[in-house]
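Throughout, a chain's letter reflects where its sequence line sits, starting with A, and its residues are numbered from 1.
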There are 10 protein chains.
Amino acid sequence: MLYHVRMDVHPPVHMPAAEFDALKLAEREMAQALQRRGVWVHLWRIAGQYSNISVFDVGSHDELHDILSGLPLFPFMAVAVMPLARHPSALDVA
Amino acid sequence: MLYHVRMDVHPPVHMPAAEFDALKLAEREMAQALQRRGVWVHLWRIAGQYSNISVFDVGSHDELHDILSGLPLFPFMAVAVMPLARHPSALDVA
Amino acid sequence: MLYHVRMDVHPPVHMPAAEFDALKLAEREMAQALQRRGVWVHLWRIAGQYSNISVFDVGSHDELHDILSGLPLFPFMAVAVMPLARHPSALDVA
Amino acid sequence: MLYHVRMDVHPPVHMPAAEFDALKLAEREMAQALQRRGVWVHLWRIAGQYSNISVFDVGSHDELHDILSGLPLFPFMAVAVMPLARHPSALDVA
Amino acid sequence: MLYHVRMDVHPPVHMPAAEFDALKLAEREMAQALQRRGVWVHLWRIAGQYSNISVFDVGSHDELHDILSGLPLFPFMAVAVMPLARHPSALDVA
Amino acid sequence: MLYHVRMDVHPPVHMPAAEFDALKLAEREMAQALQRRGVWVHLWRIAGQYSNISVFDVGSHDELHDILSGLPLFPFMAVAVMPLARHPSALDVA
Amino acid sequence: MLYHVRMDVHPPVHMPAAEFDALKLAEREMAQALQRRGVWVHLWRIAGQYSNISVFDVGSHDELHDILSGLPLFPFMAVAVMPLARHPSALDVA
Amino acid sequence: MLYHVRMDVHPPVHMPAAEFDALKLAEREMAQALQRRGVWVHLWRIAGQYSNISVFDVGSHDELHDILSGLPLFPFMAVAVMPLARHPSALDVA
Amino acid sequence: MLYHVRMDVHPPVHMPAAEFDALKLAEREMAQALQRRGVWVHLWRIAGQYSNISVFDVGSHDELHDILSGLPLFPFMAVAVMPLARHPSALDVA
Amino acid sequence: MLYHVRMDVHPPVHMPAAEFDALKLAEREMAQALQRRGVWVHLWRIAGQYSNISVFDVGSHDELHDILSGLPLFPFMAVAVMPLARHPSALDVA
């Protein structure tokens, strides 16, 4: 099942840059691993913002929550989730 | 270039059902033609709402506006557009 | 899987009362049938408002959307959906 | 009487992790004790957020306020309360 | 128990004035009867608006909802309810 | 004249607990003195929130502002004021 | 006492133009009479909007409400009222 | 030309009180000088809030911005500006 | 002086198409005349919306209001105005 | 292609003034270089606010995002982007 997720990152004010950079690197590695597994199926940057629009394909709400809350940047993100259903006008190949 | 578009449909109160059904049919045909051309690359229903999340791939803002404002249901939709940039953690295949 | 759904009903201004009453009766019958099937697991009225808070237990986003969009009052409701995950502090019996 | 309560947790920025973990543990114990007493009747995680949707069954507004304001994480939560009435279409067993 | 209720009246556009006046008269009579019974304990006009701030003293959420949804102007009001608890600094006589 | 006042308290993050407790105690004493004088005529807690709904009876806007801005917790509160007029359906005894 | 009032006019959709023009003329006459009496002390147009910012000088909330709710355009206006107190940096002549 | 300006002051959390008092004193002196020059033509306190409603009479947007951004408290204020035009019902003397 | 203006058009529901087309034609002619005079210095369509972003160069708030309120589509537009000042980093030629 | 960008600057609370001044100087130099290259085509100050309205002319969303996220003040700005299309009533010279 597909979930539309928007993440807005609010970097911590007092964290040393090196520490935050390490979190970003770990986030990137996890994001890429999840993309390779076919779980994080889309990942786009909203132009001009430290935000992304993502689509996840997972089997349950619990699995989605475990993934999102386990992201290294989760404590510094506002997250909004919308479940996506099939659109009656969507082509099968879309 | 990719654009994230949300469309919320507000059916007209006073239009006869047959007339609105004809508009929906024309909308569906146009949506599918644009999907076949690779312009309307994603089309999902937001679960529980008469709304969709779409991604368009077009060459310019003008082309996007011409497509959206030419949709049969455009007069009955609230439309929100966000330009999408490449995310530094996105895999090339994504 | 559980979904938290809020429905706010906005009765149509121009519909004859008898016609809207028939819709409400059909809505009630469908709501009770879905409760008996274990799909519509909670249904509460928000005190002082023509609104309800509901919890649905269905197998997929598509199934949820089909149910909600098929409700007789759907054209007259604002609907908001949130996927619910298990809370780590919830007892198994809850 | 039933109350619908949404809690959004905003962890304190400057508190040592061990201190906040102790608060979370105490919160969990209190939440489970209240569930066993039949007071905190539902507790769900909103997928993707450090938030929960809860339903409490207490005898008065004062009792509800005492419980909520006594939660260990109360100083770090935004709380929204809605009184729930019986829905005319709800089955008795619901 | 006390409930804080705000009601914003939106008169129907197409109803004949005499019909709406009759509803207002019935509303007034019901409001005064409920005041005499000690149920509608405060009723104030928000200066400059067709709105009121009220406090009700009833035994349950269900009783509150029955009263509010039975008001003649209920179909033309936006209603917001907040349960009120005792304030620790309030004097007993307040 | 009556004023409807909502106060939402946001405790300071960095103040020592003993210092804030002293402010709360001073606030309580001032609130009770104003209640005894018939100036702070109602004081309720919004269930589940560190907020109150109050009604003040003072002779002028200036007097109201002097009282509110002189409260010990004023620097830590968001305050919203609405002037209350007599409601045409209110009984004289209300 | 001074009150800051913002009025946003929403002309009725179905009223014949001549009828609405008559209301506007009556509104103008009442506004000018109240200005001559020193009650409506300031009246400005918000540039680009069918809205005004006004300041009234009246003796009580009840008097303000009677004036505002008696304006011919009151049924077609959204009105927001803020009580104004003396500013400690204001000169006496201001 | 007249500009309607609302200023909401948010005192800095970490600044020593004496330092902020000095800023307030400087602000007051500048406000009074601008009132004497006929530039800051109205200055009112919003009752119950650390906010003011002001009207400025200056020759250009640039002059307004220079004045506002030069206020000692400007770094601690949220400022909202609306250009005011003459109202067709305003008396010349108003 | 420059003003930033956003206009969102809400076509009237019940007006015959030919009548609204005539208003749009008149609007277009007026917009182009004002552009030729150097008054309406920028006019852009917000992609995907029946809205524009405009910049006007006029001598006073009154002149701006006269122009905007005289547009044929003014009764069907939501208009938001912001005065623009010179930016300290703007080049003279910009 | 043109993009409408609004930037609201929120200076960091704890950064030494000299360090922030250096960032502002670097921002200014980059803004002027981009203006000279014809990329940052308009740059206005919103009167009374530490905010600007800008128009960029770039070849793609990616190019826009690279420019904006590379600004020295980007970590301290809220940024909102709207793609601008040609308006059918705009003159060619505009």
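Taking the six-membered ring for Trp and thresholds of 30 and 60 degrees, B:His4 and A:His4 have ring planes inclined between 30 and 60 degrees apart.
Scanning all heavy atoms of the two residues, the minimum distance from A:Leu91 to B:Gln35 falls at N-OE1, 3.0 Å.
Side-chain atoms of B:Glu27 never come within 3.5 Å of backbone atoms of A:Ser89 as a donor-acceptor pair (strictly under, hydrogens ignored).
Residue A:Arg28 touches chain B through both its backbone and its side chain, counting heavy-atom pairs closer than 4.5 Å. Only the side chain of A:Ile53 comes within less than 4.5 Å of a heavy atom in chain B; its backbone stays farther off.
Contact tally against chain A (heavy-atom pairs below 4.5 Å) for B:Val55, B:Leu2, B:Ile46: the top residue is B:Ile46.
Taking the side chain as every heavy atom from C-beta outward, B:Gln49 and A:Met82 never approach each other to under 4.5 Å.
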